[in-house]
Every structure is written in structure tokens, then in C-alpha cells.
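Quick caveat: nothing in here was measured; it's all calculated off a predicted structure. Letters go in sequence order (proteins before strands), and every chain restarts at 1.
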Amino acid sequence: MGSLKIENIKKSFGSVDVLKGIDLDVTDGEFVVFVGPSGCGKSTLLRIIAGLEDSTSGKVLIDGDNVGNVPPAKRGIAMVFQTYALYPHLTVKNNMSLGLKQAGEPADEIARRVGIASSMLSLEPYLERRPAELSGGQRQRVAIGRAVVREPKLFLFDEPLSNLDAALRVNTRLEIAQLHRRLAATMIYVTHDQVEAMTLADKIVVLNNGQIEQVGAPMELYNSPANEFVAGFIGSPKMNFIDGGRLGEAAKTIGVRPEHITVDRNAGTWKGTVIHAEHLGADTNLYIDTEKAGLLTVRIFGVYDAEPGAAIYATPDPARTYRFGADGRVIR
Amino acid sequence: MGSLKIENIKKSFGSVDVLKGIDLDVTDGEFVVFVGPSGCGKSTLLRIIAGLEDSTSGKVLIDGDNVGNVPPAKRGIAMVFQTYALYPHLTVKNNMSLGLKQAGEPADEIARRVGIASSMLSLEPYLERRPAELSGGQRQRVAIGRAVVREPKLFLFDEPLSNLDAALRVNTRLEIAQLHRRLAATMIYVTHDQVEAMTLADKIVVLNNGQIEQVGAPMELYNSPANEFVAGFIGSPKMNFIDGGRLGEAAKTIGVRPEHITVDRNAGTWKGTVIHAEHLGADTNLYIDTEKAGLLTVRIFGVYDAEPGAAIYATPDPARTYRFGADGRVIR
Amino acid sequence: MSTATSSLPRTIAAHAVLLAYTAIALFPVVVIVVNSFKSRNAIFRSPLSPPTTETFDLIGYTTVLRQGDFFLYFQNSFIVTVMSLFLVLLFGAMASFALSEYRFRGNSLMGLYLALGIMIPIRLGTVAILQLMVASGLVNTLTALILVYTAQGLPLAVFILSEFMKQVSDDLKNAGRIDGLSEYRIFFRLVLPLVRPAMATVAVFTMIPIWNDLWFPLILAPSEATKTVTLGAQLFIGQYVTNWNAVLAALSLAILPVLILYLIFSRQLIRGITSGAVK
Amino acid sequence: QDKTITIESWRNDDLAIWQEKLIPAFEAKNPGIKVVFAPSAPTEYNAALNAKLDAGSAGDLITCRPFDASLELYNKGHLANLADLPGMENFSDVAKSAWTTDDGSADFCVPMASVIHGFIYNADAFQQLGIAVPATEAEFFAALDKIKADGTYIPLAMGTKDLWEAATMGYQNIGPNYWKGEEGRLALIKGEQKLTDPAWVEPFATLAKWKDYLGDGFEAQSYPDSQNLFTLGRAAIYPAGSWEISVFNTQAQFKMGAFPPPVKNAGDECYISDHNDIAIGLNPKSPNADAAKTFLSWVASPEFATIYANALPGFFSLSSTPVKMEDPLAQEFVSWRDKCKSTIRSTYQILSRSTPNLENETWVKSANVINGTETPEAAAKVLQDGLDSWYKPAK
Amino acid sequence: MAESTEIRRPMRWHIAVFLAPAVLVYTAVMIVPLFGTLQLSLFSAEGQTRVFAGLDNFRTLFFDPRWAASFWNALWNNTWFFIIHMLVQNPIGVVLAALLSSPRLHFSAFYRTAIFIPTILSFVIVGFAWKLILSPLWGVAPNLLDLVGLKSLFTPWLGKEEYALTTLGLISVWQFVGIPMMLIYAALLSIPDEVIEAAECDGITGMAQFWKIKLPLILPSIGIISILTFVGNFNAFDLIYSAQGALAGPNFSTDILGTFLYRTFFGFQLQIGDPYMGSTIASMMFFIILAGVCLYLFAVQTRLRRYQF
Ligand SMILES: Nc1ncnc2c1ncn2[C@@H]1O[C@H](COP(=O)(O)OP(=O)(O)OP(=O)(O)O)[C@@H](O)[C@H]1O
Ligand SMILES: Nc1ncnc2c1ncn2[C@@H]1O[C@H](COP(=O)(O)OP(=O)(O)OP(=O)(O)O)[C@@H](O)[C@H]1O
Ligand SMILES: [Mg+2]
Ligand SMILES: [Mg+2]
């Protein structure tokens, strides 16, 4: 109930190949997060799973059945659209309850579920408003609410929290995780937020340019990225890539994450000057121009005061450096 | 050229008071970031500044002139809409160049600016597409592009990067910062992203429920929040709030940021058990249930392995704890 | 949108243009209404002057009310118009939804087929239609009129509505599909409310020729019990003399119900229902 | 049980007369028969009637237009042969001529009335300007000149906008004096005369002279305009059909008189257009044929003739029995029957059976001639050519 | 988004359900009777019987000089009638709709209703009112012109061959301007406010906003009103009939296909209706309109871009 298998899905819009052969297995109850650069095909893949878009070739199997000819309504899914796609003429409450009414749920059950969803999303004050009278974040929450009240076996979320503030985002994230546990539903979740991806996912799928770069558990991707792309994509600020030749290494590229570099004013591996310091409060990002390794980003916990122009030494954690070959693959 | 003064702006939609008297001074060339919970009135304020919405009362002055009756087109602004509001019938290129053409810019100047903007936003491959053929993030970038090509004195950005992936977001953020320097333009920027707020802003305005809670430089807000709301809103994961009475303190509430608590398996101020550990890669969030202080979030740099249920001691940095009175104000 | 977006000179210019055109539009109507309150001599002696105590004359209205059962005629017209309108809108919207939403073999041919009706004046089919009604025993019933007007109104309705239905966001309909709505529900609950302005427009366009039609009431339902207002008013148009007082009075009265219907429908033309649906 | 018979008619104008006078008179004598008079607007009548007859939903009694329109209905079987109807003997052959087959074998409508053309004048105006009633063309134009010179009145109330006014009140009104009534008309049918002959062109030439005496902008003056112009007292002479009498009686507030079309020279034989106009026939599909026939016999009776002619002064009975009329103007018109020779409109019988339709063409051409956009000769030639294109008189 | 997604499913009964009521009523009450009539164009009468005549009727229509002259005259007049509507009615309608749709315009409902009222009127009233106004006798038009010192411009327009058709065209424009106005107004309403707001910020205001933003977005509706105008005009009849009579005077100068057809089909005065030639003309009208509609449906409509909001 809720397992999903995707076999060699391809999709072109005219001459543009958007998906170039995607294979994926999602077991029942799994939480899968899709990440990837803007325009890599995440939404398209979601829409194909939902049955809103025909794939050019390939199969989608839900619970082992090829759903090629099953209309979206019969696939047992709920979806949060990136564009929200709220019903503009219905109130927030009706936006959420329309699907349930259609399914013939009893009125009190509808009221109960809408109540839960709207309190989970802090939407209570707005239940009688129409979408046009809501703020961006409120609309997004309605879109989420409309999906969650249905309690299906398969959820498709397309960047559901992008317009929410940090506090709400953390809350909603937790609620979604809880929902996942409670319903034991399978969830496919697209996000650009590293924290969401890392905290929610059982499995992260990194997409790039219509192809899957790597699939794995969050820390697996962080710790052992398969290639330069994944290494750079997971983690923010992104990994420093240093020309291998410059460091006298055999590998084409050497990668070190900003958090795996330590700095010292007096001694260290690479000497450089501070270019810019970004103070984020809890941590500080230092941009350092080193003689040997070029421009580096270093992430420091806490507040670190550094004047631009000051001399500084940066030392990478040797246990945490990655080596990439000419083809971008990691060399172990 | 580009200074902005807002005097006691109020706005109601029917019986709903959305803005309850906003006063703000923005000097020429400043970069001001608006943050606040979803639905607090950020977009509304932006729209009032742009002249798209009438305020119920109050004045907006641009360069010292009351612009109450000046149409948006004459206010010398550019705006990125939260909903993008692209022209559906125009290609990406024409979406960006229409305003310039209207202003009578010479063709080569238009081409130059569109070229710069589209390379800055990695939009080159899509210049001839229409909005309907773009992904969510691509649309958002077009919306940014349309604003930046105009090079006005006052930019209004409404969550411009919310749908971009981390890498692109960092890039675009840097480009916007550069643009700000190059044009010496005033920028008003709404975001939910703490990193953006902290790195871009000269001044952050924290809005809540239609009112300004605090205005200040980023680190000022981080280090000396005026009240509980600001303290909780700035920083993620948010500050731990502990009932003062429980700790035997005079203050109503005691606040400690997750990054200002250290943990140790053997000794420390508060004893507790690990409830859940979130591994984000570069850091780890620990959720600890302490006997004395209740549920705490602790942020640890790097990877920290902790089994749920394990006993642990948490120690707050006494120099970094905040005391709040019954009215929520900070007690110094 | 804000007041600042409407500049004063432009607003004045807009009002000037609209007022000027309103004057042009209303002048002949005023002439008619004013004259319907005047005696025949006064109408032709000075058609422009308002009725004075001397020329004020309700003869037109009294003639109308005396001759024939005009209240019944009004009721008939009203029933026929509203029922036909309802059917045209319902069937027309359903057909246009099918044409604009689904791609199926013969889609555009079906579109063309449904448009054929606007290319030939339906009056040419009178004899066959009348035979059909005689055969089915519908002569001198309002049903006959309703059927004919429904058929007559459909092509235009389909033509206009399918264009507007193409504008309804696919994401929205898809959201409905994912919500488990059947195609019928999507049509009734989502699409219909969103094309309300177009429905109102079609309603108005459809209603006018029905209300004003003289031919089919004359042919299909001329009996006293089924007469419509327009047909009733024809009574005053004679071979050599036309009782202009009565014609003007009857037709001035006949404007009112259509005007009311128009006002009802035009309430559907309200800005901004659709915005905010999608990002 | 009562039988209800329905009359189809184009005479909206007569509704009151039927409801108030004719039907009660009939029903009083024939209990058990109810009559409904169901007129439609004259412009729609032919088309609507044909459709209803074709589909079988028409009324029991059909009001008959003269000549071919009804003949066509008879040929299609939509009118019954009434030759044997009791009462038909009350009509002369001339009276029945408009509703008889070409070979005279069948009569399919009971004649009701004819109309006579002439001129109605504002007697007050004539008196005021000292004008005597004209008898010759010269006098007629002299009178017109005098009225025009005076300027108080528009000399002639006629417009060309509605076309038929020009043809019917103009050409057919004054024409018989030129083509000598029936003589010319029959010669035309036989092919012995042509429309391009002087007798047929001259009336056009005379009409062309009317132009100067018409009101300003007569090109856009419609028939009701003309009526109003005259009855409001703004015009002196009105080229009329006798049907105007009843209207003018109620509308005009001055004394009126009438004179027949002036002759060319004093003492010439005069001709008037005394045109069979309206009759009534039986729908053979009528389920109440007996009741309908009873009614038709009554229509053929002198009783009907008297009521009808008096209720509608200007519609003159076609019955052989003389009818006594009250209206002085109507008496004046009908008195011309004794002085002058009667004829019917030249274009009605046979000559308008096909396309181009001579009657309709005559409307257009008469208007053109008066408007001055076409010469009388050219107009006549077009008419004759049109006729030649389909009409081959049996020589 | 611009194109509807195709979702293939085994048997989509709902399509049939959606189409059935309309197709049934329309076919039974409209198409069958109409085509029953149109096929008469292939027959002619011989005495009281109907005989198959092939294309003879069309031959008559085109090669008999009288029929051909009438036909071409009507066709040309009709074309001119259509041109007037395209050049006057539709632009005015669009301008009015554009003005009315500007947000915050006061009294816009009043204007909209007032301007639409003529469209509600029956032809009888319209004919009467304008004949009265333009009448040289009763002085409305001359007096009005006199007020502005232009009395010398007055002529009996409806009675002059050279002006009558144009005058009627303008009367028809007056009557029907409400239709393009309403349609365009409805189309303008569906443009999201935000797009317009973006244009305001971009400095695209007033006329430029109309040309560059609104017009492209309502182009499909403009297409619709053009084709509706075409269809409506080539089917027009009532106004001419009620103002000028079936003979479309003066001298057939206002004769359009509709009046020509009615006169022929139903007959007029002494002219007896000729269903055979009548349906021949109707067939020609049908072909002309069909050609126009096909051109629109298959060449124009498919090329117009539609945007979903
Ligand atoms: N037309 C309206 N009618 C009633 N309330 C409205 C209307 N438009 C906005 N609001 C309310 O005004 C408040 C402020 O809206 P605004 O869009 O400014 O929020 P915001 O701060 O931009 O939020 P977000 O971060 O979610 O975009 C919201 O609570 C919203 O519900
Ligand atoms: N109708 C279309 N025609 C052509 N190209 C299209 C069309 N729709 C989408 N694309 C392209 O397909 C690619 C994938 O789009 P998709 O919406 O799946 O991206 P995404 O991964 O969701 O991106 P984002 O994170 O920005 O939302 C994009 O490059 C987009 O430009
Ligand atoms: Mg996407
Ligand atoms: Mg907002």
C-alpha cells in the first residue's frame, strides 16, 4: 500500500529532454526527498507520478500496478503543487474539504480532519477567507492542508515550505514528519532546503539535468558523495573544490567542506588573507584567498571576528577531504 | 535619490487590521531586510511602498516627497512579486526588456542589461521560452531579472529566492549584494531565510502582526534582541525559552540559543536525556529533555552521535543567556 | 489596485469618453421612452420635447393593458427566456467543456459541427421545425419555443464558452483530479464558477434574441395562452396604421424584464475572483 | 358542443371590429360556433401562413390576398374550392376575379372588400388658399404651385422611402387615366402593349414632376410620416387609398375632401383604380369545415357587407347588393364608381407571377423616378425587360 | 500550462455525457430542419412537384444576369456592412471595455448598463427610433445639427442610395456595440491583477499597457468577436428589414444577403416565396460563412496563444 516503482521514465517537451531515464524504487512508508538544481526536472517527475503529465516513455508502478492508464483521481495520492493551484472561488475551509466531500466522508469526519490540519498549519483564523485574501505563506499552507486532510497512501509535496518563515517551517516540518509516522504513508518531497532534506528524508534522491546522480540516506550523501556534483550540492555553503594539480595531488579535484577547515592566525597548511566575513550569528563564514588552494570558504561555529585583509592560515581536516577524478567521480 | 520614509502607515482589509502603524526610515543606498512570520504584513507593506495598494492612513515619502498620489511607474522602483506576476504572453527576454523598451532605452543598452541579468541568473538557455514553459525556480529568476534590468533607485524584493536551490541561492544572493553596491540603490528585501537576512542586510526590520518589533543591524538583533519575539525569531533553530521560575530566576523567561549550550556525557548544569538527534551534516541538532529546564534544543558543530534515551548534561553559556520580563521585554 | 494608479487627467478623460458614448447610446432610448408617454400628435409634432401636461398621455399604456392579457404575455416571455437560457447555459457549458478540456478524435470537427448553426438563419428550417412540433404535439406550448431557442442559442454559447474555458488553469483542474473529483464535479464545482463572467456574457447574448423574437412565437405558439410580449406588441402594428403609442408603450415595458435579467447577470462580472489561484 | 373556428389574417388593424362587431353578430345567429380572429403583423403574414399551412397547423379560415398569392395556395391545396358555397352568387365575376383560377373553373375565396385610389385634400387649406378641387392635370399642378408659393403647406404628402407608397399611391393611382384602365391592363397581359409604350411611361413622367411638391427630405419620408404630415395639417394634398378614410377620420382635425385622379384634358373619360383587396377562404384541412362554411356564407351575405363597410369606411364591399354607407368621404370615393371606369392595379394579375416580380420592381422604379435617380424611360425599359425575361404572353 | 494535458484513458464516457444533451437538441431541432431546407437548393419546382435539378439553381444564381446582379449587389453591400462593423463597432467596443475595466472607475456599472441598453432593444423599436431621429420631417437630427451649426450637413440619409447602407451600418453599430464590449470586458476581467500591477511597476501604463499587456492577453476574445461579427453581419436581416423593408430601398442599395434571401425564400407582397432559389442563396451564404469560420477555426484560432490564469 504505497510503494512506488519508476522504470526508465523519459520526458521531452518538444525537443527539450527534461527527464532522461529515471529509475527509482520507493518502498511503502518511505520518506523520499528529491533535491536538485532549479529546472532539473523534479516537478515534472512528480507530475508524472501523479498522472498529470504523460511520460514520453517508461513506466510508473504504484503497489506493483502499472498506473499508466489510471487517472490521477484513482491513484490514491495527494499533491501539493509548487504553484499551489488553490481553488480561487472557494474558502480555505472548502478548499480543504472539497476532496473529502467528494469521497463521501461524513461531515463530522471532514470537520475533524480540517480542524486538525488547520491547527497544525495555524490556519484557523483564515478558514472563511478566499485565497486572494491570503498572504503568500498562508496560501502555501492551505495547499499543504488540502493535501494532508486526504490522508492518502502516497503524498507528493513540491517545495511545500518555501514561503514559510523559519519558525513555521520547523513546526510544519515536524508535523509532516509526525504525519508520516502516523499514517505510515509514503512521501515524496521536493525541497531546496538542506535542513529539510537532511532531517526529513529516509532517502535523498539527487537529480541533475534530468538524471539521478545519487540515491542514499542523508548522512550517506553528506559523508560519501558519489561525485563532485553531489558533493557540491549537499551542504551549504558548498564544498570547496581545489584543483588537484595545484596541490600536487593525483586527483583532478580535491574537495573540502567549509566546516572541515579550521583557521588560525598564526599557523596552518594554507596561508591566505581574509576577503570577507559573513556573520550569521550562530556561525561565521570566512572567505579566504589562499596562495596554494585559491579561494576557500570556511565555516566557523560561533562568532569569529576577522578584518578583511587580515592574514590567516587555513587547515583542512585530512580525514575529511575528497578526491575526484577527471570524470567527476569520487576516488576512494 | 532612493531614501524612503514611512510614517505611521496603517492598513485594514475590511475589518482586518493588517498594518497597525509602521514608521521606518531608510537612508539612500541602504539594504533593508523585512522578516516576520507568515502573514504579518510584509508583502502588504511592500505593495504600499510601491503604490499598488492604498494605505488606510499614513504617509510614504520617497526622497522626501510624499508619493501618496504618485503612480507606481513614477516612483522609480522595481519590484519582484511574491507571485512572480510574469507576463504570460512574452518570452523571458521580452519579460525582462519590456519595461526598458517602454522607457525608450536604446536597443543595445537593453540587450546589454538583459544579457547581464540573464547570465547572472543562469537564464540564458531559456530566453526564448514563455513563462508557462519554465520550472518554478526559473520563473522566479525571470521575475528577479525583470526587476534588476531596470536599475532603479529603489528595489523591492518579495521573497525572491524562495524557490531556488541552495547553490543558486548563494550565487544570486551574492549577485544581488553586488548589484546593490554597483547601483548604490536602496533595497527592501523580504525573506524567510535567516542566512539571507543576516548576510545581505544593513538593517533588519522584524515585523510581527502588523507592527515593527525591532530594527537593527543583523548581529545587533542576534546579540541584543529587544524582546522575546525577536529573540525567538532570529536564529534557527530558535532560542530555547525556559520558565524563569523553574530555574529560580527573577525573570519571567530565560532564553538560551541552541548554539550557546554545550553538552557533555558526564557533567554539566542540567541533566537530561536525548530525545532525538537531527544530523544535518555540518552540524547536529540535539533535542534534550532536561529535568530542570524542560525540553531544550542544542546545536552542535559537526557530527555528534547520540542515541535517543542516552543520558546527557547540558551547560548554557552564562554570558549568552537572556532574561525576559513578563511583558516579553529583555531585562538587561 | 491603488488610487495612485489612476491619474486624474486620465480618469477625467475616461469619464468624458464614457459619458459621451452613454449619451449616444441612451439618446434614442430616451426618445422612445419619453414619447411613449405622449399623445400621438405630440410624438410627431415635437418628438424631442418631454411630455407636458398638455401632451402627456398614457393612451399607449392603457391600450396595451386593455388589449390582450399582457401580464400573461410577460409571464410567457419570461418563462421561455429563462428556461431556454438555463438549458443553453447548461448544455452549452457542458459541451464546451468537453471540447476545450479533452482531446479526442473528431474534437475539432465536433466544434465545427456545433458552430454550423450560426451560419444559417434558423428561420429557414421553420417548416420542418413546425412539422416536428406538430408531430410531437407541442404546437402552442412554451416547450416548443424553449426547445427551438435552446437549439438556436447553443452554437454561440459553445463558441464563446469553449474559448473562455481554455483559460482555466490546468493546474487547478489537476488539483481537483488529485483531490479525487470526478470530471463532472470538476466541471460543476471548479470550472463553471471560474468562467462566470463568460457565462454571464453568453447569458446576455442568448437572452436578447429570444426575448425579442417574433417569428417562432408567431409560428409555434400564437395561441392566446402562449403568446409572448413581442408577439403581443405586434398586434399594434397594422397594415396601414401602426398604433405607435401602444407599440412604444408595450416595447418600453418589455425592456424592463430584460434589463433586470441583464443586471442580474452582470453582477457576475466582478473583478478578481480568479486571482490568487496560482502563483 | 361548441366548435371554434380560427381566422388567420394580416389585418391587425381590424381586430377591434371583429371582436366588437362582426363576431358577436355572427355568433348571435349561429349558436354553437365560436370564432377567433387571430391576426399577425402584415409583413409576416404570408411567410407565417405558408409555414403553418405546410406543417398543417394553420387556422380554419384563411384571409386571402388578391391574385397569385392565393392562387398559389389553392394550387397547393391549401384553399378549398368555394364555387358551390351558398352566398357566392352575391358576387359578380369581376368581384371574384382576384380569387379565381385562370380558367375560371374554381373560386377559392369569398370576396370581402376593394379599395379605391384617389386624392384626399385638406379642405380647410383649399378654402384658405382659394383653391378649387382640380379636375384636370393642369389644374392639379396649378393648385400644387399655388400651395407651394404660399408656403404654409407642403403641397403633396408623399415619401419615397417605403417604395410602395410611390408605386401604389402614385403610379397605380394616376396611371389608369393614361393606359385607359382595363383596356391597357389587359393589352399588357396579352402582350399587345409594352410598358415602354407612352401610355405606361407617361404616368412616370408625371410622377417625376411631383418631386418638386414633396416635403423636404421626402426620400427618407416613410408612409406613416406622410400620414402624419397630412393629418397634423402640414400638408395639403394626400395621394390616398380609400383605406385611409377611417384612420384620417379619427386623426385629422380639419375638414377633408377627396377627388379622383385628374384627367389630362377636361372631359376625358376617367378611370379609377378600384382594387380587389381582401377575401376569405377555407383551409381544406379544417376539422370544422361545416362550421367554417356556415361562417363563409355569412361573410357573403349583405349583413356582413353592411357591417364591414360601415365599420371600415374605405373598404368597399364587393357584394352585388348595394351597401349603404354613412361616411361622407367614403361615399365620395364610392361615388366615382359611377362617374369613372374601374380597373384593378395593373401589375397584380398574372404579371407578377415570377421573378423579377413586376409589382416589386414597379415599387423600386416609381421611387427612383420620383427621386430623380432614374428617367421615366429608363425605368420603364427595365420593367419591360424584366417582364420579357419570363413572361411570354400567349399570342 | 498553455496546453491541456492529455490523459489517455480507456473509455471516457464523460465526454459523451458532456456532449450529448447539446448535440441531441441541436441536431434534432436545428441541424436536421436546416439541412432539410438547404438540400432544396438542388431541386426545383415543376408545377406542384419537386424535381431534382442538380446545380441548375446555382447556375441561375450566378449566370442569370438579374440574379447575379442582385447576388453580387447584396454580397458587396454585405461586405461593406461587415467592414463598417469591424472598423467602427469592434474598436469602439474594445475601447469602451478597456475604459470600463480600469479599476477604481466610478459608475462603471452604470456606464456598462447604459451602453448595453441599445443591444437589448428589439429591432422594431430601433427602427422606429432611428427613423424618427433621422427623419427630415420631425426635425430631431436637423435640429441637433442646427445646434452645432452643421445643419447644412443634413440630408435624408436613409433615403439616399449613397448613404443609406452606411447609415444603417452605423445604426447597427450603435445597437450592437454592447456585444464586443461585454465580451472584451469579460476577457479583461480574467487578467490577473498582479500582471497589471507588475506592468504598473514596470512603467507600462495607460495606452502602452493596453497595447502590450492587455491586448495580447485578450487576443482570443478579439478573434471571437471578429468571427461573431462576420457571422452576425452575413446573417443580418432584421434591422434592414424593419428600417427599409424587404425591398431594401432605395433602389436595393441596402440589400444584403439576408434580405435578399428572405425576399426570395419567403416571398414578399406579390412575389411568391421560392424555397428552391431561396435555399440556393442560403447555401451560398452558408458556404461563405463556413469558409470564414473554417478559416478562423483552423488557421487563426489554432495560432492564437491562450494563457491560463
Ligand atoms: N484582500 C485581503 N483581505 C483580507 N485580508 C488580507 C487580504 N490580503 C491580505 N490579507 C491578510 O493580510 C495579512 C498580511 O498579508 P501579507 O501578504 O502582507 O503577509 P506577508 O507578511 O507577506 O506573509 P507571507 O510571508 O506569508 O507572504 C495576512 O494575514 C493576510 O491574510
Ligand atoms: N512546457 C514546457 N516546455 C518546455 N520546457 C519545459 C516545459 N515545462 C517545463 N519545462 C522545462 O523542464 C525543465 C524541468 O522543469 P521542472 O518544473 O520539472 O523543474 P524543477 O526541477 O521542478 O525546477 P524548480 O526547482 O525550479 O521548480 C525545466 O528546465 C523547464 O524549463
Ligand atoms: Mg519545480
Ligand atoms: Mg508575502
Side-chain angles (χ1 to χ4, degrees), chain C residues 1 5-6 10 14 17-18 21-22 25-26 28-29 31-32 44 47-48 91-92 94-95 97-98 101-104 112 115 117-122 124-125 128-129 147-148 150-151 154 160 163 166-167 169-170 183 197-198 201 204-205 208 212 230 251 255 258-259 262 269 271-272 274-275, chain E residues 1 4-6 12 14-15 18-19 21-22 25-26 29-31 33-34 36-37 96 99 102-105 111 114-120 122 124-125 129-130 132-133 138 140 179 182-183 185-186 189-190 192-194 197 200 206 220 224 231 235 265 282 286 289-290 293 297 306 308-309:
Chain C
M1 228 181 287
T5 48
S6 42
R10 195 170 287 143
V17 172
L18 288 168
Y21 197 86
T22 305
L26 286 189
V29 183
V31 168
I32 290 164
F44 290 98
L48 263 194
F91 295 170
M94 282 165 61
F97 182 67
E101 178 65 12
Y102 308 109
R103 271 191 257 160
F104 53 92
L112 186 60
I118 40 177
M119 302 175 201
I120 324 165
I122 190 174
L124 296 190
I129 292 175
L147 277 177
V148 171
T150 305
L154 277 171
I160 297 178
E163 187 62 54
K166 284 179 190 150
Q167 291 183 5
S169 152
D170 281 332
E183 296 300 316
T201 313
V204 169
F205 294 176
I208 295 160
N212 287 334
T230 329
L251 295 180
I255 300 178
V258 230
L259 195 60
Y262 168 81
L269 296 171
R271 170 171 279 282
T274 45
S275 62
Chain E
M1 270 193 4
S4 62
T5 39
E6 184 180 13
R12 294 177 293 166
H14 49 267
I15 298 182
F18 279 127
L19 283 171
V25 175
Y26 167 81
V29 184
M30 197 150 182
I31 290 300
L34 280 179
T37 305
L96 291 175
L99 290 177
S102 39
R104 311 201 143 254
L105 183 84
Y111 290 132
I115 294 171
F116 198 78
I117 284 184
T119 314
I120 300 179
S122 77
V124 181
I125 287 208
W130 280 101
L132 193 65
I133 289 171
W138 317 114
V140 180
I179 287 190
M182 281 274 283
L183 256 177
Y185 184 73
L189 287 187
S190 63
D193 286 344
E194 270 136 5
E197 288 175 349
E200 289 283 340
I224 285 228
V231 171
N235 258 327
F265 191 95
F286 172 67
I289 298 175
L290 184 66
V293 172
L297 278 184
R306 285 174 187 75
Q308 298 189 328
F309 306 120

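A pairwise comparison of heavy atoms in C/V17 and E/L99 identifies CG1-CD1, 3.5 Å as the closest pair. Shortest non-hydrogen contact noted between C/A151 and E/M30 is O-SD, 3.3 Å. Of all the heavy atoms in C/M94 and E/P21, the pair that sits closest is CE-CG, 3.7 Å. Between C/G125 and E/L34, the closest heavy-atom pair is N-CD2, 3.6 Å.
Highest contact tally toward chain E, considering only C/I32, C/L154, C/L18, is held by C/L18 [criterion: heavy-atom pairs under 4.5 Å]. The residue among C/V258, C/I118, C/V31, C/T150 with the most heavy atom pairs within less than 4.5 Å of chain E is C/I118. Chain C forms more heavy-atom pairs under 4.5 Å with one residue of E/V124, E/T119, E/L183, E/L297 than with any other, namely E/L183. Most heavy-atom pairs under 4.5 Å with chain E, from the set C/G92, C/A115, C/G117, C/A198: that is C/G117. If you tally non-hydrogen atom pairs under 4.5 Å between each of E/I125, E/V231, E/L105 and chain C, the highest count goes to E/I125. Between chain E and the options C/V148, C/V29, C/I160, the largest number of non-hydrogen pairs under 4.5 Å is found for C/I160. Counting heavy-atom pairs closer than 4.5 Å to chain C, the top residue among E/I117, E/V25, E/N235 is E/N235. By number of non-hydrogen pairs under 4.5 angstrom with chain C, the leading residue of E/I15, E/L96, E/T37 is E/I15. When each of C/I255, C/T230, C/L147 is checked for heavy-atom pairs under 4.5 Å with chain E, C/L147 comes out on top.
Only the side chain of C/Y262 comes within less than 4.5 Å of a heavy atom of chain E; its backbone N, CA, C and O stay farther away. Interface residue E/F265: only side-chain heavy atoms are found under 4.5 Å from chain C.
Note: C/Y102 and E/F18 have parallel aromatic rings, judged against thresholds of 30 and 60 degrees for the angle between ring planes.
Separation of atoms CD1 (E/I115) and OH (C/Y21) is listed at 7.0 Å; rounding is to 0.5 Å.
In this structure E/A282 satisfies the side chain to side chain contact (heavy atoms under 4.5 Å, CB included) test together with C/L124, E/L38, E/L261, sequence neighbours excluded. Not counting sequence neighbours, the partners of C/P28 by the side chain to side chain contact (heavy atoms under 4.5 Å, CB included) test are E/A129, E/W130, E/I133, E/W174.
By the 4.5 Å heavy-atom criterion applied to side chains, C/I120 and E/I289 are not counted as neighbours.
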